[in-house]
Amino acid sequence: MQADESMFDPVESLVLDLVEWLANSERSYDEVMDAWRTSCPRFPVWENANERGLVAKHHVNGRIVVRVTSRGSALLAEQTRRPRAM
């Protein structure tokens, strides 16, 4: 029996945490980097979320903010329809 790997992938879980965190409030790019940047190649959360198009940077009133994209919102909606692995 083969388990769904995404249920046990710690990076996938952290990417979802990042998207949920951003969905709650617009965040500055600096705030996001302070909270989510890592030098560990095993946990590329920010990079993964960007590559998958789940989050995007925008210029607003002279500063850079990070927002959830429609793809990120769709991921959140999908996750609320199914239980999350513990």
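For the pair Val68/Leu54, no side-chain contact is recorded, criterion being any heavy-atom separation below 4.5 Å from C-beta on.
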**Prompt:** What do the steps show when you test Glu20 against Asp17 for side-chain contact (heavy atoms from CB on, under 4.5 Å), and what is the final call?
**Reply:** CA-CA 5 Å; Glu20 287 175 333; Asp17 288 345; 3.7 Å; yes

Practice task
List the steps and the verdict of side-chain contact (heavy atoms from CB on, under 4.5 Å) for Leu18 and Leu14.
Solution key: CA-CA 6 Å; Leu18 168 61; Leu14 289 169; over 6 Å; no

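Across all their heavy atoms, Gly72 and Val19 have their closest contact at O-CG1, 3.7 Å. Between Trp36 and Trp46 the shortest heavy-atom distance is O-CB, 4.3 Å.
Note that CD of Gln79 is 5.0 Å distant from CG of Leu16, once rounded to the nearest 0.5 Å. In this structure, OG in Ser28 is found 7.5 Å from CG in Asp34, a value given to the nearest 0.5 Å. To the nearest 0.5 angstrom, Arg52 atom CZ is 10.5 Å from Thr69 atom OG1.
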List, one per line, each side-chain donor-acceptor pair under 3.5 Å for residues 55-66, sequence neighbours excluded.
none

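Sparse packing is recorded around CZ of Arg71, with 12 or fewer heavy atoms of other residues, nucleotides or ligands lying under 6.0 Å away.
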